[in-house]
Engineer: 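Structure in structure tokens, see below.
All figures in this text were calculated on a predicted structure; none of them were measured in a lab. Side chains included, hydrogens not; waters and symmetry mates left out as well; all remaining heavy atoms used.
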2 protein chains.
Amino acid sequence: MKTVSHRTVGRLTLYWRSLRDLAPEAHSYIYSHDLATRARVTAAQVRRDLMVLGYSGTPAHGYDVGKLRQHIEAFLFPSTEQRVALAGVGNIGRALLKFFAGRRPTLRIVASFEKNPEKYDRLVGGSPCYSIEKAESIIRELNITVGIIAVPAEEAQFVANQFVSAGVRGILNFARAPLQVPPDVYVEDIDLAMSMDKVAYFARHWHQPD
Amino acid sequence: MKTVSHRTVGRLTLYWRSLRDLAPEAHSYIYSHDLATRARVTAAQVRRDLMVLGYSGTPAHGYDVGKLRQHIEAFLFPSTEQRVALAGVGNIGRALLKFFAGRRPTLRIVASFEKNPEKYDRLVGGSPCYSIEKAESIIRELNITVGIIAVPAEEAQFVANQFVSAGVRGILNFARAPLQVPPDVYVEDIDLAMSMDKVAYFARHWHQPD
DNA sequence: GTATTATCGTGAAATAAATCACAATGTGAT
DNA sequence: ATCACATTGTGATTTATTTCACGATAATAC
């Protein structure tokens, strides 16, 4: 498979969401500029992104909503259930467990891990929480391929190592610590403090139009 | 002021954090490659980023840790307290309130807003929660310039409009809806579902080395 | 049937960001 | 003093991403 831009993958989820949220009867076809408006990008960007799908619209009607959506789903979503584990059931961790619970049939958090004995060995946010000690064996056993890290910065690298050696291939990292992982493991960082600082900075300094 | 790259601003917070966390006595000087390792970027990237500060290191010792930190702080942080409001005290909103509480002296969440009457008119996560109806007047009154949106997608644009017309200049948006704002208002989107989808996608597909 | 029109797909150009590569610098060894 | 060295700051280059611009296409109007 040809390599697809990072950002394109992100925007495809925006398009998918827009299509999903269309009134079912109102539109059976949609134009690139309409999709673009909904996702707040340009029409050219939409058309460029959709090129990766191998599905074409027609000049007359644009894109068939149902078909386009199916092609995005085929591209973006796994064919079999993809399992996720989360480490660190503090403030953020618990909010994420609740947020992601039942959100997608093909992407499911099936376990969480925690260092603090008062928090593990019970259900948290809809899935069982285990001692972090058991992470490696449980991840293997349940065939988990995606990990979420929501532990303090000091422990993030340790958790990442456990995840990677157990077979996790993608990590969503909320810890305020840049992770060291093998090049074939994908890491997406969400650094809340950094984002906040950026917003505060640009709120004070004039910035270019979008 | 010359316009500074989006990403540079983000990385400066990483460098600042690295400097802050150095053992105070261990290093009074630091080299670009050392900072680079800590922030998991390249040395050239560090030097390029630091150009915006107008502070130079010396070829012999690298950067004076104290001075570099001061310059980053002067660049990145406001001179007077910058006030923040949050809308939507659900799962994510409450976690954010707790997460940001007391984190920085110059950046403080001073109010939250909520539609549901059962949740407002009391303290939530350390700051008072008001009816969303009062947002505009309270934002003006308290001179709030930064807003966090953690409401459902359907209400996000309404809240953004309130924020903007009350004088908010930067928005951290957790809603899964692209916002429409004037070009001089900065928006940073954190789309948890999109990030999760991206991680899941790239966990399944081979990707280039970092 | 032909002209008109709006849209699509995509090569080419523009813009943004990261990396390379090297002259300039200042330090310590001899 | 002089040399060798590691590091800095930055112009030039490369890579990534977005936007432009236009030929091709198919529906509709006449």
Engineer: Report which part of the nucleic acid B:T8 touches: base, sugar-phosphate, or nothing (heavy-atom distance under 4.0 Å, all strands).
Structural biologist: nothing

Engineer: I'd like to check the side-chain contact (heavy atoms from CB on, under 4.5 Å) partners of B:R94; sequence neighbours left out, ordered by chain and number.
Structural biologist: B:V89, B:N91, B:V124

Engineer: To the nearest 10 degrees, what angle separates the axes at the start and end of the helix from C:dG1-D:dC30 to C:dT30-D:dA1, five pairs each?
Structural biologist: 0°

Engineer: In whole Å, I'd like the distance from the CZ atom of B:R40 to the P atom of C:dA18.
Structural biologist: 18 Å

Engineer: Can you list everything that forms a side-chain contact (heavy atoms from CB on, under 4.5 Å) with B:S56? Sequence neighbours excluded, please.
Structural biologist: none

Engineer: Quick one: which residue pairs count as a salt bridge (Lys or Arg N to Asp or Glu O under 4.0 Å) with a foot in residues 9-20 of chain A, not counting sequence neighbours?
Structural biologist: A:R11-A:D49, A:R17-B:D191

Engineer: With a 4.0 Å cutoff (strictly under), does any side-chain N or O of B:Q45 reach OP1 or OP2 of C:dT19?
Structural biologist: yes

Engineer: What's the closest nucleotide to the B:Y31 side chain, out of D:dT7, D:dG9, D:dT19?
Structural biologist: D:dT7

Engineer: Would you say A:H6 places a side-chain N or O within less than 4.0 Å of OP1 or OP2 belonging to D:dT17?
Structural biologist: no

Engineer: With B:L53, which of B:F75, B:Y15, B:Y63 fulfils side-chain contact (heavy atoms from CB on, under 4.5 Å)?
Structural biologist: B:F75

Engineer: Using side-chain contact (heavy atoms from CB on, under 4.5 Å) as the criterion, list what pairs up with B:Y31, not counting sequence neighbours.
Structural biologist: B:H33

Engineer: Looking only at side-chain N and O atoms, does A:S5 come under 4.0 Å of OP1 or OP2 in D:dA16?
Structural biologist: no

Engineer: Give the rounded distance in Å between these two atoms: CZ of A:R7 and P of C:dA16.
Structural biologist: 12 Å

Engineer: Hey, could you give me each pair passing salt bridge (Lys or Arg N to Asp or Glu O under 4.0 Å) that has a residue in residues 75-88 of chain A? Not counting sequence neighbours.
Structural biologist: A:E81-A:R83, A:E81-A:R108

Engineer: What is the ring orientation for B:F202 with A:Y186, classed by angle as parallel under 30°, tilted 30 to 60°, or perpendicular over 60°?
Structural biologist: parallel

Engineer: Applying side chain to side chain donor-acceptor pair (under 3.5 Å), name anything that partners B:T145, two or more places apart in sequence or on another chain.
Structural biologist: none

Engineer: I need a per-nucleotide contact map over nucleotides 21-30 of chain C, read 5' to 3'. Cutoff is protein heavy atoms under 4.0 Å; write B for the base, S for backbone only, - otherwise.
Structural biologist: B---BSS---

Engineer: Quickly work out the A:L53 CG to C:dG9 C1' distance and round it to whole Å.
Structural biologist: 13 Å

Engineer: Quick check on DNA chain D: between B:R48 and B:A43, whose nearest nucleotide comes earlier from the 5' end?
Structural biologist: B:A43

Engineer: Sequence neighbours excluded, which residues qualify as side-chain contact (heavy atoms from CB on, under 4.5 Å) partners of A:P152?
Structural biologist: A:E154, A:E155

Engineer: Classify the nucleic acid contact of B:S32 as base, sugar-phosphate or nothing, counting any heavy atom under 4.0 Å across all strands shown.
Structural biologist: sugar-phosphate

Engineer: According to a strict under-4.0 Å criterion, is A:Y29 in side-chain N/O contact with OP1 or OP2 of D:dA27?
Structural biologist: no

Engineer: Measure CD1/A:I30 against P/C:dA6 and give the value in whole Å, please.
Structural biologist: 19 Å

Engineer: Expressed in angstrom and rounded to an integer, what is the separation of B:D49 atom CG from D:dT8 atom C1'?
Structural biologist: 15 Å

